Protein chains: 2
Amino acid sequence: MPTTGRRERKKAQTRRALSEAALRLFSEHGYDGVTVAQIADEADVSIATLFAHVPDGKEALIFDDGAERRVWLVAAVRDRPSGQSVLEALRRCMAARGPFTDDLSPELRHKRDLIVRTPALREYSRKLWIAGEGALAEAIASESGRDPSDMTVRALARYVLEIPELAGAEPDPLAALNAIFDLLEAGWGGG
Amino acid sequence: MPTTGRRERKKAQTRRALSEAALRLFSEHGYDGVTVAQIADEADVSIATLFAHVPDGKEALIFDDGAERRVWLVAAVRDRPSGQSVLEALRRCMAARGPFTDDLSPELRHKRDLIVRTPALREYSRKLWIAGEGALAEAIASESGRDPSDMTVRALARYVLEIPELAGAEPDPLAALNAIFDLLEAGWGGG
DNA sequence: TCCAAAACTATAATCGCTATGGATTCAGAT
DNA sequence: ATCTGAATCCATAGCGATTATAGTTTTGGA
């Protein structure tokens, strides 16, 4: 039974305290206006403990490990309705999640804005998405009868995973997302 | 007369001494095995001077400011032979330069390998490419009668500029580059 | 020749992050 | 209930990149 010890509960609790302290302080003073020492203080742990919980460093404090995103994407591709194209499945999946839907709690909206307007956080968010490139490429390859090392497949996966960073800062992110998927589907053309 | 003082000559000389010292030491001990203090010593300047010459930090030491790249790309798009498509012009431009051509001096080849195998340097190289996104988007928009803020144009510019990082590490970079340009031109399709 | 800008310097400080070594707490076996 | 090993936590010290400060030297031009 993996998830039922007091130990794991406390661990998750500390991790959440760190996340919340970081988000609160970042929102109040800006990302660069907060030191990891302040965050550790606010969460009432030592700096060493902070880094034990968040080995990827300061930027990772307000993110999870990105495993969920990877699972969604691969599942969206593999379990899509029959007859639906891979790109269509990915388009719907991304449109529903991430920075593209508008029915978010005010806190999440606020967090998204913080990420979009803070370069270090934007870059780390991109890194998390791109960490799923291999998995997504495998899923796409498997569904389209190509080799996962096929550069076309890898490039498509990469380009899809870059969409959040590319479209996230637009005035109408959803319209931007659709424009980019249209481009990936039909290409730029010979003009 | 912009470029003819002893001052500017000495400045360029110091900058090159830093570049060469950094490249030599990185090659010998690896990027993480070298401190900026060692590089400053090797170039016989103080640490403060090093950062005065290279405000972007350690990774920027072995790169120029990327202005050249931007000029090539924009020129390639704007001055292309009549009848040639924008993407074809970009394909040829990138294939001829950067990590894609094979007639390089051994030093440049060695430098390229160092960059490809060092994450921090790879990321900074990408950053330099992407810094040209705005300029490239404007050129593409101008040549295709679209608006420079059109998301399709911006996405295309971004995707083209990501090709070096995406294809640079492949066994056959040139083939990879062509595969990606084919994808951008024709799209993935509805399959 | 003289002056202001530019380049350089040493020094000290900040900040993110890691290493060490020891104390505490927990899970599971006896 | 107790023992034991692992996990967690902590204080401390330290490293490396980067910035700030303040003073010195060099250079270009009036």
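Quick caveat, the model's predicted, so the values are computed rather than measured. First the proteins, then the strands, lettered A, B, ... as listed; each starts at 1.
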Calculate the interatomic distance between [X] atom [atom1] and [N] atom [atom2]; express it in whole Å.
{"X": "A/L61", "N": "C/dC15", "atom1": "CG", "atom2": "P", "answer": "16 Å"}
{"X": "A/Q13", "N": "D/dA7", "atom1": "CD", "atom2": "P", "answer": "20 Å"}
{"X": "A/E8", "N": "D/dC9", "atom1": "CD", "atom2": "C1'", "answer": "16 Å"}
{"X": "B/D32", "N": "C/dG16", "atom1": "CG", "atom2": "P", "answer": "19 Å"}
{"X": "A/R9", "N": "C/dC26", "atom1": "CZ", "atom2": "C1'", "answer": "12 Å"}

### Query
Is there a residue in residues 35-54 of chain A whose heavy atoms reach under 4.0 Å of DNA chain D, and which residues are they?
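Going residue by residue through residues 35-54 of chain A, the ones with a heavy atom under 4.0 Å of DNA chain D turn out to be A/D44, A/V45, A/S46, A/A48, A/T49, A/H53.
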Quick check on [N]: is either OP1 or OP2 less than 4.0 Å from any side-chain nitrogen or oxygen of [X]?
{"X": "A/T14", "N": "D/dT8", "answer": "no"}
{"X": "B/K10", "N": "D/dT27", "answer": "yes"}
{"X": "B/K11", "N": "C/dA7", "answer": "yes"}
{"X": "B/K58", "N": "D/dT18", "answer": "no"}

### Task
Answer yes or no: side-chain N or O of B/R6 and base N or O of D/dT26 forming a donor-acceptor pair under 3.5 Å.
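Checked by distance alone, the answer is no.
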Is any side-chain heavy atom of [Y] closer than 4.5 Å to one of [X]?
{"X": "A/E123", "Y": "B/E123", "result": "no"}
{"X": "A/Y31", "Y": "A/K58", "result": "yes"}
{"X": "B/R97", "Y": "B/R69", "result": "no"}

### Task
Kindly assign one of parallel, tilted or perpendicular to the pair B/Y159 and A/Y159, based on the angle between their ring planes and the thresholds 30° and 60°.
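If you compare the ring of B/Y159 with that of A/Y159, the planes turn out parallel.
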### Message
With rounding to the nearest 0.5 angstrom, report the CD1 to NZ distance, B/I62 to B/K111.
### Response
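Going from the CD1 atom of B/I62 to the NZ atom of B/K111 covers 5.5 Å.
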### Message
Before you tell me yes or no, could you show the steps for B/E59 and B/K127 under salt bridge (charged side-chain N to carboxylate O under 4.0 Å, His left out), namely the whole-Å CA-CA distance, both residues' side-chain angles and the distance that decides it to 0.1 Å?
### Response
CA-CA 11 Å; B/E59 316 102 41; B/K127 193 182 270 186; 5.9 Å; no
### Query
Can you list the steps and then say if B/R158 with A/E165 is a salt bridge (charged side-chain N to carboxylate O under 4.0 Å, His left out)?
CA-CA 11 Å; B/R158 176 70 136 262; A/E165 200 205 357; 3.3 Å; yes
### Task
Among C/dC26, C/dC17, D/dT26, find the nucleotide with the atom closest to the side chain of B/R7.
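Closest nucleotide among those given: D/dT26.
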